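Working notes, beginning with the structure itself.
Each residue takes its place number in the sequence, starting with 1. Treat the numbers as computed from the prediction; the structure is a model and nothing was measured.
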Amino acid sequence: MLITEQHTKVLIVGAGPSGLMMAAQLLRHGVMPVIIDTKQGPTDQSKALAVQARSLEIYRQMGVIDQVIKNGKQAGGIVFNRDGKKMASLSFADVGKGQTLFPYVFLYQQSKNERLLLDFLTQNCCPVYWNTTLISLKQTAQQAEVQLQTGTETVTLTSDWLIGADGPHSVVRKQLQIPFNGDTYTNEYYLADVQLDNKQLAGDKVQLYLSDKGLAGFFPLPEDNCFRIIGNLPGGMVAAEDMKLEEVLPSLNTVTGLTMKAVRNNWFTTYRLHHRMADSFRQQRCFLAGDAAHIHSPVGGQGMNTGLQDAYNLGWKLAGVVNGRLKEAILDTYAVERMPVAKGLLNTTDNIFKVVMSASWLATFFKKWLMPRMLKFAWSRKGLREFFFNRVSQIFINYRHSAISLHLSDAKMVKAGDRLPYLKIFDEKKQEETDLHEWCGNPGFTLIILGKLPELDLFALAKWITQNYGAGLNFFYLPPSAKNEEVFKKFEIKGGRSKALIVRPDMHIGLINDAIDMEIMDNYLQNIAGLNKAPGA
């Protein structure tokens, strides 16, 4: 399929998870992008496997969560083995209960994520132009111009904005000459999707095997007796393009102390791991997202989820600028908010991975004698389990430092910039149970008033929204009641007081104010968030 457009508002280079999510978020907010990829079509092979709670919350907001849950599998926990013997077993059962609607680690292959997002694009009449390669890129202060190769055809296309979501070898990043600093890990690794006949691996827990000879991880897939296996190639073995699973089985058996019985090998590949990050996530009209901006070790299943959230963060901002609803300055907050997340993740996963892979006597002593005791102790403490889940699930990520976070409150637990807490509520107007995230399901900002207000004040608020912001600002009101006591406690609202929250389209809190003040809300929306008034206002 050839691109017939000569100009587009947004061009997305790369149709992996980050690029597809970027397109989906733009579509949710009323912008039709052009998205291209060098591949011939969607792939059924993927390295990423875990979908964390924060990403599941995004899928819920998009209205596709039922399909995700139906085709994935909860990880029941993780078992640490040393030299074939179990050292520690940690259960993930309801590990994040009360913090999210999805209090678990979810296994849902990258290929399924891509297919899900492709279906979303198809339903919104947005095609992916496969077999299309970016040849050259140049830009001005007003637009980007690209040369694209599609088969034997060369196409020139201009775009107001361009997103590089084209992976670790990003052509966009290279064309922009943005440094990609970091390093490559020494070892080579293999990945296999295999159906096994090994009763020792049955169940829903991830099995991690450590030994002086290396490591191997077994991740249960949704399909019966199927596993994603990740391990390091044994010393002296060099990866080759035609390498087969059978060549690493002796090493795998040594590391696990088991005899692997492979019924069917669906996929086998070798690769190297990197830890790198782009020096900048934006240059003029171009942005980087996902692996094009940062790559790191697979510790904690964070990579794909971080890319999805890059797109989630940038999508609403860019759509608002394209549609004329937001001032262009909002785009500066993308790098400000996402680069610290990527840097922190890079450092954390790198440090953990180095310890796991180290063969030094100190690291070996730690892994063999200290780590099992530390894991068991930590997991027996509710607070430490919650700490672990907050970070792995990525619900702890906040943008408190951002220029569009305004905290005008004495509250200490929840602050502007935080992800909106998942809290069940009783909707007094509809007389039904729901939750705060459900209230923020529609595109646009959301104003939530917590506390008792006179009816005339509520009418004045509704009129102010209608006259000034229209569909750009959704409005919900939650008066105090016995059923909503936990909500008021979480936001530290004392008796007789009220609080105003303005929640961003990505479900992070933009404004918290201990007073209901339309002038302050106007100032936040127009001068801080950069929301333009509705036409005719």
Side-chain angles (χ1 to χ4, degrees), residues 3 5-23 25-26 31 33-39 128-129 132-150 154-184 274-296 303-304 306-315 317-319 321-322 328-343 345-346:
I3 297 175
E5 294 94 330
Q6 294 181 323
H7 179 80
T8 182
K9 295 290 186 181
V10 182
L11 171 65
I12 302 170
V13 182
S18 302
L20 293 170
M21 177 60 84
M22 186 71 208
Q25 290 302 316
L26 290 171
V31 173
V34 169
I35 178 169
I36 67 170
D37 198 287
T38 58
K39 298 193 298 292
V128 174
Y129 294 92
T132 303
T133 303
L134 175 67
I135 302 300
S136 67
L137 161 64
K138 59 182 180 180
Q139 60 177 330
T140 66
Q142 287 74 42
Q143 65 179 18
E145 181 180 308
V146 298
Q147 295 287 326
L148 305 175
Q149 186 77 35
T150 304
T154 301
V155 178
T156 299
L157 180 69
T158 58
S159 64
D160 293 338
W161 304 97
L162 186 147
I163 314 297
D166 48 342
H169 303 293
S170 171
V171 176
V172 172
R173 188 188 65 244
K174 292 174 182 177
Q175 289 278 326
L176 297 174
Q177 297 184 350
I178 296 175
F180 199 41
N181 294 316
D183 206 350
T184 301
H274 308 265
H275 49 109
R276 300 179 184 275
M277 179 172 159
D279 276 7
S280 62
F281 285 11
R282 179 188 180 186
Q283 189 183 102
Q284 290 183 284
R285 315 296 288 187
C286 299
F287 298 86
L288 298 177
D291 286 354
H294 46 79
I295 53 174
H296 41 79
M304 179 178 66
T306 305
L308 293 174
Q309 290 187 56
D310 286 346
Y312 188 50
N313 181 286
L314 180 57
K317 297 171 182 176
L318 186 56
V321 171
V322 170
E328 193 172 311
I330 191 78
L331 298 177
D332 294 334
T333 66
Y334 168 63
V336 170
E337 292 179 352
R338 295 305 297 171
M339 287 188 77
V341 173
K343 186 176 181 180
L345 183 60
L346 201 70

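- Between R282 and D332 there is a side-chain heavy-atom pair separated by less than 4.5 Å.
- Of the listed residues (L134, I36, L148, L162), just one forms a side chain to side chain contact (heavy atoms under 4.5 Å, CB included) with L157, and that residue is L148.
- In this structure, the separation between CD on Q142 and CD on Q284 is 9.0 Å, given to the nearest 0.5 Å.
- Every residue was checked against the salt bridge (charged side-chain N to carboxylate O under 4.0 Å, His left out) condition with R173, not counting sequence neighbours, and none meets it.
- Rounded to the nearest 0.5 angstrom, S18 OG and Y312 OH are separated by 15.0 Å.
- Contact check for F180 versus I295: side-chain heavy atoms found under the 4.5 Å cut-off.
- Proximity of a side-chain donor or acceptor of T140 to a complementary backbone N or O of Q143 within less than 3.5 Å is detected.
- The backbone N or O of V172 lies less than 3.5 Å from a partner atom in the side chain of D166, making a donor-acceptor pair.
- Atom NZ of K39 sits in a crowded spot, with more than 12 heavy atoms from other residues, nucleotides or ligands closer than 6.0 Å.
- Counting heavy atoms from C-beta outward, T306 and R338 have side chains that approach closer than 4.5 Å.
- Using a 4.5 Å heavy-atom threshold, the side chains of M21 and Q309 count as separate.
- Between D160 and R285, the closest side-chain pair of non-hydrogen atoms falls below 4.5 Å.
- By the 4.5 Å heavy-atom criterion applied to side chains, V34 and I3 are counted as neighbours.
- Once rounded to the nearest 0.5 Å, the distance linking CD of Q6 with OG1 of T156 reads 9.0 Å.
- Screening N181, D183, T184 for a side-chain hydrogen bond (donor to acceptor under 3.5 Å, both in side chains) involving R276 leaves a single residue, T184.
- A donor-acceptor contact closer than 3.5 angstrom is absent between the side chains of T133 and T38.
- Considering all non-hydrogen atoms of both residues, I163 and A289 come closest at CG2-CB, 4.4 Å.
- Smallest separation of non-hydrogen atoms from L288 and Y334: O-OH, 2.7 Å.
- With a 4.5 Å cut-off on side-chain heavy atoms, L318 and W161 count as touching.
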Determine, step by step, whether V13 and V171 satisfy the side chain to side chain contact (heavy atoms under 4.5 Å, CB included) criterion, reporting the C-alpha distance in whole Å, the side-chain angles of both residues, the deciding distance to 0.1 Å, and the verdict.
CA-CA 9 Å; V13 182; V171 176; 6.0 Å; no

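- The two residues Q139 and C286 make their nearest non-hydrogen contact at OE1-SG, 3.5 Å.
- When all heavy atoms of L137 and A144 are compared, the pair lying nearest together is CD1-CB, 4.0 Å.
- Here the side chains of M304 and D291 are not in contact, with every heavy-atom distance at 4.5 Å or above.
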Please assess H169 against K174 for the test side chain to side chain contact (heavy atoms under 4.5 Å, CB included), listing each intermediate value before the final yes or no.
CA-CA 8 Å; H169 303 293; K174 292 174 182 177; 4.1 Å; yes

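- G315 and L26 make their closest contact through O-CD2, 3.7 Å (heavy atoms, listed as atom of the first residue, atom of the second, distance).
- For the atom pair I135 CD1 and Q175 CD, the distance stands at 9.0 Å (nearest 0.5 Å).
- Interatomic distance, OH of Y129 versus OG1 of T150, reported as 9.5 Å (0.5 Å rounding).
- Using bins of under 30°, 30° to 60° and over 60° for the plane-to-plane angle, the ring pair F281/H294 lands in the tilted bin.
- Formation of a donor-acceptor pair under 3.5 Å by the H275 side chain with backbone atoms of L346 is not found in this model.
- Residues D310 and G290 come closest through the heavy atom pair OD2-N, 3.0 Å.
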